Amino acid sequence: MPRLLLLYACALSLFSQPQPPPPNRPKLIVALVIDQFRYDYLVRFRGDFRYGLARLLEQGAVFTNAHHEFFPTVTAIGHTTFMTGAAPSVTGIVGNEWYDRAAKTSVTCVSDASTQLIGGVPGATGSSPRRLLVDTFPDELKLSGQASKVIGISIKDRGAILPAGHQADAAYWFDSDSNQFVTSSYYMLQLPEWVTAVNASRPAGKYLGVSWFPFDAKPGDKPFCTMVAGAELRYCGSIEATAFGNELLEDFAERALVNEKLGQHEGIDVLLLSLSSNDYVGHAVGPDAPEVRDISIRTDQLLGKLFDLIDERVGKGNTFVVLTADHGVVPVPEENQKRKMPGGRLDSAALKQALETALSSRFGRGQWVAYESGGGYYLNYDTVAKWKADKAEAVRIAAETARAFPHIARVFTRDGLLRGEGGADPVGRAVTLGFYPPRAADLVALPEPYYIFSASGTSHSTPYIYDTHVPIIFYGAGIGSGVYHERVVVSDIAATLAALFQTEPPSGASGRVLPHIVK
């Protein structure tokens with residue numbers, strides 16, 4: 001097999017000096033996404049990191065000014081961009097879910113009625129990457145002729161499926177209805193024996209009745225929450241919303257590494273792991289809560305545990321790691337208000353009702369909004385037709401109504417974006433990059449900074465820095481340690497991987513190669 005050239009051809013065009021000879025290629029690529037992990041967590045909690053994150057920070061190529069460049073900044077899009085290097089305007093993944101006008105119903109980014117869930121509740125519908133319009137870096141690795149094995153793992157189906165791509169050997173996620181790891185008939189018709197064995201051991205069962213204490217708790221300290229229902233302490237809820245969810249994932253990743261013999265095939269294998277519980281916890285309590293510090297430290301510990309096993313199984317120096325996050329998060333509005341900072345909560349139902357009232361007053365009574373999600377509104381074209389309304393006029397009235405709503409910074413319309421009226425500033429450009437016409441909302445209401453469409457906890461999705469600023473770290477075979485402060489984007493990851501491993505860039509990739517990470 002060819003040796004890894006590490007940007008050899010690309011770097012020749014960027015540097016005049018001779019390049020060092022390429023090292024041997026790695027046996028395994030570990031692609032990591034920490035769901036809802038702001039870059040500043042690496043700085044705020046650095047003194048507490050001793051293991052996996054510490055290894056990456058000390059020995060990897062660390063980009064301090066890395067961003068997502070699109071709107072909305074949500075899980076599905078962040079995971080998709082990670083391995084496609086493309087924006088929603090190209091991938092077609094415009095959100096976690098959207099309104100399918102042909103089917104007249106909402107769909108998720110990975111829902112697929114032609115598939116069945118394998119494992120979990122019998123007869124449930126499965127998921128697949130079929131709504132993804134482009135391919136991923138793992139797809140290109142396979143297309144290059146390498147006999148690679150690709151496996152995606154997450155609590156969320158979209159976190160496992162979308163970065164792994166169309167040709168993945170498997171994508172596994174945690175089904176909360178059955179408390180089992182599951183997959184889809186898109187990949188296989190029955191679970192491998194090792195996954196069946198994991199499920200038979202009831203991996204979530206060991207956390208029943210357990211309380212989540214801080215990692216450094218002292219005798220007498222209270223837990224953050226408890227898995228004991230009916231206790232006086234706050235109930236944790238589902239296991240996904242605790243640090244225990246990441247423990248489940250890391251353990252499952254270890255089982256996959258061993259049983260699938262990752263890093264022991266002729267081609268370069270790929271393990272894609274998305275740690276989802278950071279997002280569930282962050283939504284509930286916000287970035288300033290002690291629970292976020294605790295789960296970040298525990299993430300460092302879990303990654304150290306995983307890296308140690310990989311070194312043992314695959315051999316030191318035979319692994320390449322890339323880490324990022326799918327989005328950040330805004331502070332809880334009430335916390336911001338205590339600090340005399342801007343912020344507040346917006347009532348999405350009230351805005352929807354305002355749109356319904358305005359359109360009914362102008363054209364006639366009816367259901368004018370077919371679907372709403374996170375400030376995106378899809379008009380009901382059946383109602384438009386019923387009243388023989390001019391659709392463009394209906395959108396204009398809806399946009400005027402939304403602009404008058406308190407703390408709405410900008411309103412974008414589908415027609416305006418089709419005409420190229422998104423704007424040239426970073427916010428307008430982010431909305432334009434997130435616009436794929438066949439799946440786009442008719443109207444997008446963007447809140448002012450620090451305002452959110454959430455009744456409790458906090459959220460993300462905006463093009464503001466607190467939602468876009470994430471880590472990018474490369475570590476492993478052929479990568480030199482260093483800290484880089486230039487602005488880069490998550491789309492650059494796939495382009496860089498393609499150059500490193502001599503594949504075609506993914507079909508929608510728009511990022512640039514980052515050659516200075518080479519040792």
Side-chain angles (χ1 to χ4, degrees), residues 26-35 79-80 82-84 110 115 117-120 126-129 132 135-144 146-175 180-199 203 246 248-276 302-303 305-307 309-310 313-314 318-324 326 476 494 497 501 503 506:
K27 297 178 179 178
L28 176 67
I29 297 172
V30 180
L32 299 169
V33 181
I34 307 177
D35 202 324
H79 281 76
T80 299
F82 177 39
M83 285 290 119
T84 65
V110 292
T115 66
L117 195 69
I118 303 300
S127 304
S128 84
L132 176 62
D135 70 350
T136 64
F137 165 71
D139 285 328
E140 289 292 344
L141 195 63
K142 289 205 168 200
L143 288 171
S144 70
Q146 299 205 38
S148 303
K149 180 167 282 192
V150 175
I151 295 179
I153 298 170
S154 179
I155 280 178
K156 303 175 182 179
D157 54 1
R158 56 188 179 268
I161 291 171
L162 292 171
H166 298 274
Q167 300 182 73
D169 296 274
Y172 299 106
W173 57 96
F174 188 73
D175 176 50
Q180 293 186 1
F181 283 96
V182 299
T183 188
S184 164
S185 59
Y186 177 88
Y187 303 100
M188 62 190 73
L189 296 181
Q190 64 180 34
L191 291 172
E193 290 184 3
W194 70 267
V195 179
T196 300
V198 169
N199 288 335
N246 282 349
L248 283 179
L249 287 177
E250 191 277 332
D251 181 72
F252 190 82
E254 288 191 10
R255 304 290 186 93
L257 178 77
V258 172
N259 288 279
E260 298 291 347
K261 296 181 171 54
L262 297 180
Q264 299 175 44
H265 297 98
E266 183 181 356
I268 303 172
D269 292 335
V270 184
L271 172 64
L272 300 113
L273 175 61
S274 170
L275 295 174
S276 309
L302 288 173
L303 290 180
K305 181 171 177 281
L306 179 62
F307 293 163
L309 179 65
I310 290 173
R313 301 285 303 186
V314 182
N318 290 323
T319 303
F320 183 98
V321 179
V322 57
L323 177 142
T324 191
D326 54 350
L497 293 176
F501 299 104
T503 72

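When a residue number appears, it is its place in the shown sequence, counting from 1. Model, not experiment: these values are computed from the prediction.
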Donor-acceptor under 3.5 Å (T115 side chain, S185 main chain): no
Report the relative orientation of the aromatic rings in F252 and F181; use parallel for angles under 30°, tilted for 30 to 60°, perpendicular for over 60°. parallel
Side-chain donor-acceptor pair under 3.5 Å between T136 and H166, yes or no? no
Do the side chains of F320 and L28 get nearer than 4.5 Å, heavy atoms only? no
Correct closest heavy-atom pair for S127 and D157 would be OG-OD2, 3.1 Å
Using modelled atom types only, decide if a donor and an acceptor are shared between the side chain of K142 and the backbone of A147 within a distance under 3.5 Å. no
Let me confirm one number: the OG-CH2 distance from S184 to W173, rounded to the nearest 0.5 Å. 5.0 Å
Does D169 reach the main-chain N or O of V150 with its side chain, forming a donor-acceptor pair under 3.5 Å? yes
With a 4.0 Å cut-off on N to O distance, would you call E260 and R255 a salt bridge? no
Are K305 and E250 packed together at the side-chain level, in the sense that at least one heavy-atom pair is separated by less than 4.5 angstrom? yes
Under 3.5 Å donor-acceptor, N259 side chain and W194 backbone: no
Kindly give the heavy-atom pair with the smallest separation between L272 and M83, and that separation in Å. CD2-CG, 3.8 Å
Minimal heavy-atom distance between G165 and P129, with the atoms involved, is O-CG, 3.6 Å
Can you tell whether the side chains of K156 and D35 come within less than 4.0 Å, N to carboxylate O? yes
Is a side-chain donor or acceptor of T80 paired with a backbone partner of L162 at a separation under 3.5 angstrom? no
Do F82 and F137 have their ring centres less than 6.0 Å from each other? no
Qualifying residue, where the test is side chain to side chain contact (heavy atoms under 4.5 Å, CB included) with I151 and the options are D269, L262, L273, L257: L262
Have T503 and S144 got a donor and an acceptor in their side chains that come within less than 3.5 Å? no
